[in-house]
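Comments concern the structure below.
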Amino acid sequence: MPELPEVETVVRTLRPQVQGCRITAVDVLRERSLHPSGLPPETLVGLGIGAVRRRGKLALLELEAPAAACAAAAPDAGQGGPRPSLLAVHLRMTGRFMVHAEGSAPLRHTRIIFHLRRPDGTGAQLFFDDVRAFGLVFIATPELLDGWDFWRSLGPEPLEMRPADLGPRLRGRRAVKALLLDQTVLAGVGNIYADESLFRAGIDPRRPAQSLTAAEAESLCLALQDVLRESIAQCGSSIRDYRDANGDVGAFQNSFFVYGRGGQACRRCGGRLEKHRVAGRGTVICPHCQH
DNA sequence: AGCGGGACCTGTGGGC
DNA sequence: TGCCCACAGGTCCCGC
């Protein structure tokens with residue numbers, strides 16, 4: 001569920017709560033929620049949280065060494081190995097961030113707790129909760145991050161593309177929906193926004209990608225950008241689990257044309273929406289509006 | 001190459 | 001009411 005608009009909303013709501021805080025301790029309640037190639041969690045202690053950004057479906061928390069430690073640290077001296085410079089977090093389906101008061105007990109699905117010290121000296125706890133436990137926190141240096149195939153091969157940001165840029169990326173005979181979901185083609189699109197953008201562009205998700213004309217690819221790119229922007233403006237879509245870092249739900253699920261509406265009436269033509277399986281995913285299509 | 005299917009997880013909802 | 005199973009979703013990995 002957290003796709004580009006939801007991760008963007010998480011980042012925007014998390015930023016004012018954690019930027020400028022210092023990490024004082026980390027409790028890992030589920031080891032497998034850490035990316036195995038990352039640095040150990042102890043290396044986070046003492047670092048400050050700087051910029052909070054998004055790339056594709058990843059939330060990125062930049063880390064800064066405190067000024068005092070900077071001055072004291074000679075290269076390769078004391079204190080052991082490398083320091084992480086960022087946290088890369090993939091929420092997958094049910095990952096979520098919430099800031100709790102100091103001393104709060106873990107929740108049923110809390111996987112990692114970051115103990116924080118705010119600039120004003122008060123304490124807080126950043127919970128990484130994840131019901132399905134597919135989410136991943138990567139404690140990284142730039143070098144470690146670049147060693148992650150998923151990161152290195154991420155495609156362009158859909159909202160930063162020119163409409164004419166999509167067409168050349170839609171090569172081959174795979175279903176066009178499969179390409180929209182492929183993070184090396186575009187970064188950040190998941191099942192919801194693939195289905196919604198294909199409906200808006202009037203394109204059948206099952207069509208081979210290479211069969212799209214340049215004009216169709218361009219209208220698909222514009223439709224995708226529209227749907228992503230509209231969703232961000234409404235703080236994303238909440239299907240069941242998704243919440244932003246304030247615990248609030250999004251509203252864009254009320255604007256869906258097709259996602260989750262199989263068997264219901266098409267909002268555009270009144271016909272019956274069909275449910276199919278495309279690229280291994282549940283896919284809703286209006287046979288009258290999409291060709 | 002690209003597809004399907006299983007694995008990873010847990011909660012929900014439909015059918016009986 | 002209760003049980004079972006399908007399903008949901010993103011990514012990786014395997015085999016065809």
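What you see is a predicted model; the values in this text were computed from it and never measured.
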Ranking B:dT10, C:dG10, C:dA8 by distance to the side chain of A:Lys275, first place goes to C:dA8
NE2 (A:His276) with more than 12 external heavy atoms under 6.0 Å: yes
A:Glu31 CD to B:dC8 P, in whole Å, measures 18 Å
Tell me whether the count of non-hydrogen atoms from other residues, nucleotides or ligands lying under 6.0 Å of CZ in A:Arg30 goes above 12.
yes
Lys/Arg-Asp/Glu bridge criterion (N-O < 4.0 Å) met for A:Glu64, A:Arg83: no
Atom CG of A:Asp130 and atom C1' of B:dG11 are separated, to the nearest Å, by 13 Å
* Do the rings of A:His35 and A:Trp148 sit parallel, tilted or perpendicular, given the 30° and 60° boundaries? -> perpendicular
Among the nucleotides B:dC9, B:dG11, B:dG2, whichever has the atom closest to the side chain of A:Arg174 is B:dG2
From NZ of A:Lys177 across to P of B:dC3 the rounded distance in Å is 14 Å
### Task
Check whether any side-chain heavy atom of A:Asp244 lies under 4.5 Å from a side-chain heavy atom of A:Val249, and answer yes or no.
no
Rounded to whole Å, the CZ-C1' distance (A:Arg173 to B:dA1) equals 8 Å
Rounded to whole Å, the CD-C1' distance (A:Gln210 to B:dG2) equals 13 Å
From CE of A:Met93 across to P of B:dC9 the rounded distance in Å is 11 Å
A:Arg111 has its side chain closest, among C:dA8, B:dC8, B:dT10, to B:dT10
Might you list the N or O atoms of the protein lying below 3.5 Å from N or O atoms in nucleotides 11-16 of chain C, with each pair's distance?
unit_1, atom_1, unit_2, atom_2, d
C:dT11, OP1, A:His90, NE2, 2.9
C:dT11, OP2, A:Lys57, NZ, 3.4

Q) Tell me, do A:Val7 and A:Val89 make a side-chain contact under 4.5 Å, heavy atoms counted? A) no
| Between A:His109 and B:dG11, does any side-chain N or O lie under 4.0 Å from OP1 or OP2? | yes
Rounded to whole Å, the CG-P distance (A:Leu29 to B:dC9) equals 16 Å
Review point. Is there a side-chain polar atom (N or O) of A:Arg277 under 4.0 Å from OP1 or OP2 of B:dG4?
Key: no
*Select base, sugar-phosphate, or nothing to describe what A:Arg30 touches, counting heavy atoms under 4.0 Å on all strands.*
sugar-phosphate
Under a 4.0 Å N-O cut-off, is there an ion pair linking A:Glu230 with A:Arg200?
yes
- Query: Does A:Arg108 put a side-chain nitrogen or oxygen below 4.0 Å from OP1 or OP2 of B:dG11?
  - Reply: yes
Between CZ of A:Arg96 and C1' of B:dC9 the distance, given in whole Å, is 15 Å
